[in-house]
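Remarks on the structure that follows.
Whatever order the structure lists ligands and atoms in, that order sets their numbers, starting from 1. Count residues from 1 along the sequence.
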Amino acid sequence: MTIAIIGGGLSGTLTAIHLLNRASGGTTVYLIEQDRYRMNRGVAYSSQLAFQPLNVPASAMSLFPDKPQDFYEWILEHQHRYKGQLKGTVSATDFISRSIFGDYLKARLQDAESGAAKGVRLVRIYDEATAVRREGKAFQITFRSNEAITVEKAVLAPGNFPPGHLPIPTQAFYGNSRYVASPWAAKGLSDLPADAPVLLIGSSLTMVDLVGSLQAQGHRGKVYVVSRHGLLPQPFDVNTPPYPRLAIPQNAPLSALDLFRFVRNEIGQAVANGYTWRSVLDAMREDIPAIWQALPTQERERFLRHIRPYWETHRHRMPAASYDLLQRLQAQDKLEVLAATLIDMQDTGDAVLVTIKRRGEAIQEKLAVYRVINCTGPQCDFTKVEMPLMRQLLADGLLQPDAFRLGLLTSHNGTLLDERGTPITGLFTLGPPRKAMLYESTALREIRQQARELVQELLQGDNALLRAVQVA
Ligand SMILES: Cc1cc2nc3c(=O)[nH]c(=O)nc-3n(C[C@H](O)[C@H](O)[C@H](O)COP(=O)(O)OP(=O)(O)OC[C@H]3O[C@@H](n4cnc5c(N)ncnc54)[C@H](O)[C@@H]3O)c2cc1C
């Protein structure tokens, strides 16, 4: 059996780990990563920002659901290597740096590689996959180097793409050196005069990392944050009591408003019984895919338009220390969070003149900043992704983005659907592209489950064959 995994981030690496752990002899796993430094780290865990804590505590970052303390135990064992980065002895409730988590991921892949059954091998390919074409029942993968491989099964694990540009009249601004399109690279903060005002577009967790990193490098200039709603992620509470699984309403058709009311009532009852809203939201997480799939199209649209910003800021929380930092900076007037629409951005030579319109106001205002960093979150619309592989797959009808452009359509096991909605046997995806089907599909908790199930699927035919051989 030959299996190629395109993308060496968390999704791809974890798939490779499970394959190495479970495949029998005669299996070759190709793990393909275009960026050498991102191999086994991906975008999230290769960050070189000065401030980049995981957004969940160490005790909740195990790669393996059946070994929930695996990451915590690993970091306890290896903490001596990170003396400069860790404050004293690690505790289960610490928010460890993402780059350390990347080391853990890499280490667990090495463990799986050395423990793999005889005849099971991992081949790392450092190249960009530029095309995947059907070749009978197999797939031919072509690389930027013009090399090619043919495999029986392929997994697309392309992860998080850089944010898309906002629609402004002065599109030429996006070619300007004062504009940073990808917020995850440390170079966005380099050569920045300490007193320079900066604009961060979007108020997501990435914005929080950038504010923290600016502080860590001694930045003194004003930081503006502009987002349509101006809502900040809520703080994490490590003492959140676990809440029982919810009895989600089964009435059909389900509406976004019904759901909203249900959750609000449930929170009311939970709080009266000593729980918090966090307990309820955490308890809902497992049911999100089923809820999303039960919502009619119009209700999904309502959710995305009216409820999404509140869901996202409560579901994706920041460490309490980051929350305190943001509060302090706002009180000192060093950070200003504006609920506003971004109208335009122009380089005047000395500065970037940013035109905004605050929510509920008729008049436009101007901000003068030195640099603009796009923190609006990963581009999920595959029709807008400027990567040769995605363009080719779309052009050949091998991908189908969903109507809301959250990701890609798949069958229940992650098999990609072609443009006609037919499953492409042997071609799978996991992680962020599955947001279209599952809504929650970007965090470790969801990805580790998907990777485990996907490997079962990938090896199914193979194990059946092996069993048949053993019986014979
Ligand atoms: C900044 C950031 C912080 C996060 N922090 C957390 C956290 O603390 N906890 C949590 O649970 N989740 C976190 N997440 C969520 C995150 O989505 C997942 O944890 C996870 O990292 C996603 O992994 P992935 O492998 O799917 O994607 P990615 O990490 O994006 O990896 C995909 C990889 O595929 C490669 N690739 C893409 N196309 C090709 C191609 N054609 N050829 C070769 N290689 C290709 C890319 O170079 C990339 O390295 C964070 C996300 C981000 C962006």
Please report the interatomic distance CG(L389) to CD1(I32), rounded to the nearest 0.5 Å.
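L389 atom CG to I32 atom CD1 measures 9.5 Å (nearest 0.5 Å).
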To the nearest 0.5 Å, what is the distance between CZ (R36) and CZ (R124)?
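The CZ atom of R36 sits 10.5 Å away from the CZ atom of R124.
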Tell me whether the rings of [X] and [Y] are parallel (<30°), tilted (30 to 60°) or perpendicular (>60°).
X    : Y    : value
F303 : Y439 : perpendicular
Y275 : Y243 : perpendicular
F71  : F101 : perpendicular

Compile the protein residues with any heavy atom at a distance under 4.0 Å from an atom of ligand 1; present them by chain, then by number.
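Close residues (ligand 1, cut-off 4.0 Å): I6, G7, G8, G9, L10, S11, I32, E33, Q34, R38, G42, V43, A44, Y45, L54, N55, M61, R98, D127, E128, A129, A157, P158, G159, N160, W184, M387, L389, P432, T442, A443, L444, I447.
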Applying ring pair (Phe, Tyr, Trp, His ring centres under 6.0 Å), which residue pairs with at least one partner in residues 381-425 are found, sequence neighbours left out?
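Checked against ring pair (Phe, Tyr, Trp, His ring centres under 6.0 Å) - neighbours excluded - the pairs reaching residues 381-425 are F161-F382.
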